[in-house]
Amino acid sequence: MAGGVGSRFWPMSTAEKPKQFIDVLGIGRSLLQLTFDRFEGVCPPENVWVVTNQHYKGIVKEQLPEIPETNILCEPCRRNTAPCIAYVSWRIKSKDKNANIVVSPSDHIVMNSEEFRRVICQCLNFTNETDAIVTLGMKPNRPETGYGYIQADLSSSSPRNKEIFRVDSFREKPDFATAEKYIKNKSYFWNSGIFIWSVNTIVNAFRVYQPAISKIFESLLPIYGTPQEQEEIDKRFPECESISVDYAIMEKAEEIFVCPADFGWSDLGTWGSLLTHTKKDLYGNGVIGSNIALYDTHNTIVHIFNKKKVVIQGLENYIVAEEDDKLLICKLSEEQRIKQFTEEK
């Protein structure tokens, strides 16, 4: 899923080029490309599908030349994750009625790709043998208020896989006190937004729990893969209710399972979260760029790629980031206020 239009990493990310298309980590690959890379060995490039906003099709083609252009599906408007997933599910079903599917956001990071692939492959084996819907639950290491949580029934695992458990409940993003309670209880996990299921399982779930959405994409089966597809999608997609797959399917379906995992995951929602996943110096600073010198500076994230010599002195708990003609210098604690200001401007 690569249709997000957020600008959380302003000034690097903008509505014209959201964070999934930028090199946030400074390693020469965008978050979208890193998402593609970690599925190597799980499925071939011709089985990778990208659902994006029609304005970003050119960027996707440029960044992922390995996948067929016909595998880039374009939404004419934003309708949250449920219609996005429904569209690609019926599209895949039109090619392979027995497919297994992994749904992954394109703007997350994973530090241990080998463990990621191991977990994904075992979940695919599980969904290939069952009618289960599986979501990945990340083992929390702090009382995070920016993530939703999954409560698992750890009393007994699935007979088919000892690492997979039934979901007891989904919990909304908590306040800090509630988050502290969650991490003390070993049955709570961060909701990663990564799902695994067979194409028949998810299509049937839409038919049962979201019949209006399912009727739209079912009716388009004759035109998938034809020159008429985009024209018809442009007409019918806006009819879909704007709803997340969590509300549309996950909180209603019965055969819902979670696979607890720990592979260095983050949805990189803030500059602060990037700092936690960046190699830091002795003073807690994270530096992304090659010509930067820090003095008397602590717990600060600096992200500057240009050739300027950058010298910073006396900052603590700050963000310093530059892109083209835009420069950001602000306290980490004020990041959300600055985000609102940049969006207003």
Side-chain angles (χ1 to χ4, degrees), residues 1-81 83-85 87-89 91-92 101-117 119-120 136 138 147 191-196 230 233 244-245 263-271 273-274 277-278 288 303 305 321 323-324:
M1 296 184 291
V5 297
S7 54
R8 298 185 195 178
F9 282 91
W10 191 91
M12 286 195 66
S13 64
T14 63
E16 290 74 30
K17 194 173 184 180
K19 71 168 181 171
Q20 64 266 30
F21 302 119
I22 63 176
D23 180 11
V24 174
L25 299 177
I27 57 177
R29 299 285 280 175
S30 71
L31 294 177
L32 172 68
Q33 291 170 318
L34 291 174
T35 303
F36 171 81
D37 293 347
R38 60 178 166 265
F39 280 96
E40 183 179 0
V42 176
C43 66
E46 60 267 25
N47 286 356
V48 174
W49 296 75
V50 177
V51 186
T52 190
N53 185 287
Q54 58 189 3
H55 300 298
Y56 305 142
K57 183 176 182 179
I59 303 177
V60 175
K61 287 172 60 178
E62 177 185 342
Q63 294 196 357
L64 295 181
E66 303 92 339
I67 73 171
E69 184 176 345
T70 52
N71 285 20
I72 304 173
L73 305 185
C74 296
E75 302 172 324
C77 59
R78 299 181 68 191
R79 285 295 182 268
N80 216 313
T81 55
C84 163
I85 289 170
Y87 177 20
V88 72
S89 298
R91 184 67 177 84
I92 291 172
I101 298 175
V102 181
V103 176
S104 175
S106 61
D107 57 357
H108 295 180
I109 64 165
V110 166
M111 306 307 292
N112 187 341
S113 294
E114 183 177 348
E115 174 65 6
F116 172 85
R117 286 188 282 268
V119 170
I120 290 293
L136 299 189
M138 301 297 104
Y147 298 154
N191 188 347
S192 68
I194 300 172
F195 309 107
I196 304 96
Q230 190 62 58
I233 286 294
S244 73
V245 73
F263 40 67
W265 170 90
S266 173
D267 80 343
L268 283 187
T270 62
W271 283 107
S273 65
L274 177 60
H277 287 85
T278 302
I288 300 175
H303 196 297
F305 278 156
E323 178 74 7
D324 298 329

Undergrad: Side-chain contact test, heavy atoms from C-beta onward, threshold under 4.5 Å: evaluate it for K19 versus M12 and give yes or no.
TA: no
Undergrad: Within the structure provided, determine whether T52 and E75 are in side-chain contact (heavy-atom separation under 4.5 Å).
TA: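 SC-SC contact between T52 and E75 ruled out.
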Undergrad: Are P44 and N47 side-chain neighbours, meaning at least one heavy-atom pair lies under 4.5 Å?
TA: yes
Undergrad: Please assess E69 against N71 for the test side chain to side chain contact (heavy atoms under 4.5 Å, CB included), listing each intermediate value before the final yes or no.
TA: CA-CA 5 Å; E69 184 176 345; N71 285 20; over 6 Å; no
Undergrad: Do Y56 and K17 touch side chain to side chain, with heavy atoms closer than 4.5 Å?
TA: no
Undergrad: With I109 as reference, evaluate D267, L274, L268 under the side chain to side chain contact (heavy atoms under 4.5 Å, CB included) test and give the passing residue.
TA: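 The passing option is L268.
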Undergrad: side-chain hydrogen bond (donor to acceptor under 3.5 Å, both in side chains) with E66: which residues, sequence neighbours excluded?
TA: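 Residues passing side-chain hydrogen bond (donor to acceptor under 3.5 Å, both in side chains) with E66: none at all.
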Undergrad: Any side-chain heavy atom of P18 within less than 4.5 Å of one from D107?
TA: no
Undergrad: Verify, without hydrogens or angle tests, whether S244 (side chain) and T81 (backbone) share a donor-acceptor contact under 3.5 angstrom.
TA: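 Side chain of S244 to backbone of T81, a donor-acceptor pair under 3.5 Å: no, none is there.
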Undergrad: Under 3.5 Å, which donor-acceptor pairs do the side chains of residues 32-42 form with other protein atoms, sequence neighbours left out?
TA:
{"unit_1": "Q33", "atom_1": "OE1", "unit_2": "S30", "atom_2": "N", "d": "2.8"}
{"unit_1": "Q33", "atom_1": "OE1", "unit_2": "S30", "atom_2": "OG", "d": "3.4"}
{"unit_1": "Q33", "atom_1": "NE2", "unit_2": "Q63", "atom_2": "O", "d": "3.1"}
{"unit_1": "T35", "atom_1": "OG1", "unit_2": "L31", "atom_2": "O", "d": "2.8"}
{"unit_1": "T35", "atom_1": "OG1", "unit_2": "R38", "atom_2": "NH2", "d": "3.3"}
{"unit_1": "T35", "atom_1": "OG1", "unit_2": "S106", "atom_2": "O", "d": "3.2"}
{"unit_1": "D37", "atom_1": "OD1", "unit_2": "R29", "atom_2": "NH2", "d": "2.7"}
{"unit_1": "D37", "atom_1": "OD2", "unit_2": "R29", "atom_2": "NE", "d": "3.1"}
{"unit_1": "D37", "atom_1": "OD2", "unit_2": "R29", "atom_2": "NH2", "d": "3.3"}
{"unit_1": "R38", "atom_1": "NH2", "unit_2": "H108", "atom_2": "O", "d": "3.3"}

Undergrad: Looking only at heavy atoms, what is the nearest atom pair of C74 and I233, with distance?
TA: O-CG2, 3.9 Å
Undergrad: Going by the rule side-chain hydrogen bond (donor to acceptor under 3.5 Å, both in side chains), which residues pair with Q230 if we only count those two or more places apart in sequence or in a different chain?
TA: D234
Undergrad: Is there a donor-acceptor pair closer than 3.5 Å between any side-chain N or O of S192 and the backbone N or O of L136?
TA: yes
Undergrad: The test is side chain to side chain contact (heavy atoms under 4.5 Å, CB included); show your working for L73 and V50 and say whether it passes.
TA: CA-CA 6 Å; L73 305 185; V50 177; over 6 Å; no
Undergrad: Let's go through I196 and I120 carefully: what are the C-alpha distance in whole Å and the side-chain angles of both, what is the deciding distance for side chain to side chain contact (heavy atoms under 4.5 Å, CB included) to 0.1 Å, and is it a yes or a no?
TA: CA-CA 8 Å; I196 304 96; I120 290 293; 4.3 Å; yes
Undergrad: Can you check whether F195 reaches I101 side chain to side chain, under 4.5 Å on heavy atoms?
TA: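 Not touching, per the 4.5 Å side-chain cut-off.
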Undergrad: Please evaluate residues I194 and V103 with respect to the criterion side chain to side chain contact (heavy atoms under 4.5 Å, CB included), reporting the C-alpha separation (whole Å), side-chain torsions for both, the decisive distance (0.1 Å), and the verdict.
TA: CA-CA 6 Å; I194 300 172; V103 176; over 6 Å; no
Undergrad: Using 0.5 Å steps for rounding, measure from the CE atom of M138 to the OG atom of S266.
TA: 11.0 Å
Undergrad: Suppose we screen for side-chain hydrogen bond (donor to acceptor under 3.5 Å, both in side chains). Which residues come up paired with N53, at least two apart in sequence or across chains?
TA: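 With neighbours one apart ignored, the set is empty.
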Undergrad: If the condition is salt bridge (charged side-chain N to carboxylate O under 4.0 Å, His left out), which residues does E62 pass it with, not counting sequence neighbours?
TA: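 E62: no salt bridge (charged side-chain N to carboxylate O under 4.0 Å, His left out) contacts found.
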Undergrad: When the aromatic ring centroids of W265 and Y147 are compared, is their separation below 6.0 Å?
TA: yes
Undergrad: For a quick test of reading the model, state the closest non-hydrogen atom pair linking I22 to S13 and the distance between them.
TA: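 The answer is CD1-CB, 3.7 Å.
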Undergrad: Taking only residues two or more places apart in sequence, or in another chain, which ones meet T270 in a side-chain contact (heavy atoms from CB on, under 4.5 Å)?
TA: S273, E335, Q336
Undergrad: Between P11 and A321, which heavy-atom pair has the shortest distance, and what is it?
TA: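 Smallest heavy-atom distance, with atoms named: CG-O, 3.7 Å.
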Undergrad: Has the side chain of N112 got a donor or acceptor atom that lies under 3.5 Å from a matching backbone atom of G264?
TA: no
Undergrad: Is a donor on one side and an acceptor on the other found under 3.5 Å between the side chain of W49 and the backbone of M1?
TA: no
